[in-house]
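A short worksheet on the structure shown next.
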Amino acid sequence: MRFSKYFQTLEMPQSEPIPGKNQVKNSAGGYSWGIDDWGRLDRFLILGSEGGSYYASEKELTIKNAEAVLRCIKADSARVVNRVVEISEAGRAPKNDPAIFVLAMVAGMGDEKGRQAAFKNLSSICRTGTHLFSFVEEVEKFRGWGRGLKNAVAKWYLDKDPSQLAYQVVKYRQRGGWSHRDLLRLAHVKSEALNDIFHWIVKGDISENLHQLILDFEKLQRAESEKEILETLSGNKSLTWEMIPTEYLKSPAVWEVLLPNLPMTAMIRNLGRMTANGLLKPFSSAVTTAVSKITDEENLKKARIHPIAVLAALCTYQKGCGIRGSLSWEPVPHIIDALDKAFYLSFQNVEPTAKRWMLALDVSSSMNCGAVASIPGLTPRMASAALAMVTARTEKKYHFTAFSHQLIPVSISPRQRLDDVVKQIDEIPFGGTDCSLPMFYAMAKKIPVDTFVVYTDSETWAGHIHPSQALNEYRRKMGIAAKLVVVGMVSNGFTIADPDDAGMLDVVGFDTATPALISDFGKGE
Ligand code: CA
């Protein structure tokens, strides 16, 4: 008998930890590494916890994440705020809600320094009235309305010039039982320059000097015909669809006037509606306008349009009916192609590396549960297919694979459209999880790989060897200093990347910076 049969560092089953490596048991019963609280903060800010995961309910996943956030706040509250600002301002997360929640936590549970930082950055995180209402709703669960909070909310209003404020208060009027009127009263906001607007908000007073946008908004509310609506809209390009009474939103003429100045988010969210009402149809000039707007890289980035939002718009639009099923339309192919293009444009730019890449999607059962950024039907495994496409479209040398208990090469062409890729991945049967398979497969087939990119929740348990050990064996046998990037697709606390190995990196899926990070790491930068 050899003692090393049971205890060694070269090859241990995933159901047991690698000796001396400080591994932790993951939710599937296998051993991975725990990510530290700061890593978990990043995952939460980008992936959120809505809908839970295969292993944890929404409640459990939220609590685990919030506990990690709290430990970060206790360790360095100002650093937490900086991180929130960094990710939120750059639009790196699909949704701003986790950032708002974390900011509310700091404002309530942080030390003096952290609370000051949270209040100081309120306007950079809460960029719209809706964000502000969400913040107020969350922060009330952590603290009372002391002077700090009142001043911060007052500052949100007072820092705006009349045009900015008018736009915010007519576009985002209420949310979750909160309105601007409530907040102005609570925070005792006063200002000479903004006095007319405040009076209108609180008392409904319409003075002659009231900002034109609010006067036009009032006109829209009182309009008695579509003609009146169209005239008002034509006269003021700052008016948006949210300011128009619902009954007129069915009209193609109304949308035709709105289209040239439609903000980016409104654009991608209303494509179905504009197709259903007949404005967007083959060969129409409206389609030309829409396509050039959707694929305008500068505008996509300026409006912080997240690739996940584009992907969601694409998947909904090509289905030809809305989520609630009230609208249906015949999708215009040019629009689908434009959305497909916009998806890639909305990531940070990536330069090709000339390295050899293996893109390996974990398609096991656990990756087929939950909804990324709470988009109905968008599972982590479908989302990871779209994410892998960014690298596949950039690099010349890549090999696409999918694995659960076995690995299969996937024939995906970079010319394929995203909805097609997502569908193809969705149809692969799934099983137990063995994250060492990509390395094993490449070893068995003697495929030279510089970087393995594994898109997974790191809940691996089924293999007879750990992924990190399989990578080491691959390096030895192939004589290649191969690297491993683990793309975390669920906001849990695990990773298969060995934190002590400089050739392994853990990144967060659906951070807009992720493809660029993967590329830089592959190049050795
Ligand atoms: Ca799994």
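We count ligands from 1, going down the list as the structure has it; atoms in each ligand are counted the same way. Atom set for the values below is all heavy atoms of this structure, side chains included, hydrogens, waters and symmetry mates excluded.
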Which residues pass the salt bridge (Lys or Arg N to Asp or Glu O under 4.0 Å) test with K21, sequence neighbours left out?
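For K21 the salt bridge (Lys or Arg N to Asp or Glu O under 4.0 Å) partners, ignoring immediate neighbours, are D498.
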
Provide the tally of protein N/O/S atoms nearer than 3.0 Å to the Ca ion (ligand 1).
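The number of such protein atoms is 3.
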
Going by salt bridge (charged side-chain N to carboxylate O under 4.0 Å, His left out), name the pairs with one or both residues in residues 389-414, residues two or more places apart or in two chains.
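Pairs touching residues 389-414 that pass the test: none.
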
Can a donor-acceptor pair be found between the side chains of R127 and S88 at a distance below 3.5 Å?
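Side-chain D/A pair, R127 to S88: present.
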
Name each donor-acceptor pair under 3.5 Å that joins a side chain in residues 507-525 to protein atoms two or more places apart or in another chain, with its distance.
| from | atom 1 | to | atom 2 | distance (Å) |
| --- | --- | --- | --- | --- |
| D511 | OD1 | R92 | NE | 2.8 |
| D511 | OD1 | A513 | N | 2.9 |
| D511 | OD2 | R92 | NE | 3.2 |
| D511 | OD2 | R92 | NH2 | 2.5 |
| T514 | OG1 | V508 | O | 2.5 |
| T514 | OG1 | D511 | O | 3.4 |
| S519 | OG | E351 | O | 3.4 |

Give the intermediate values and the outcome of side-chain contact (heavy atoms from CB on, under 4.5 Å) for residues I465 and Q14.
CA-CA 6 Å; I465 183 170; Q14 291 170 19; 5.6 Å; no

Which heavy atom of Q318 sits nearest to which heavy atom of C315, and what is that distance?
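So the minimum-distance heavy-atom pair works out to NE2-O, 3.4 Å.
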
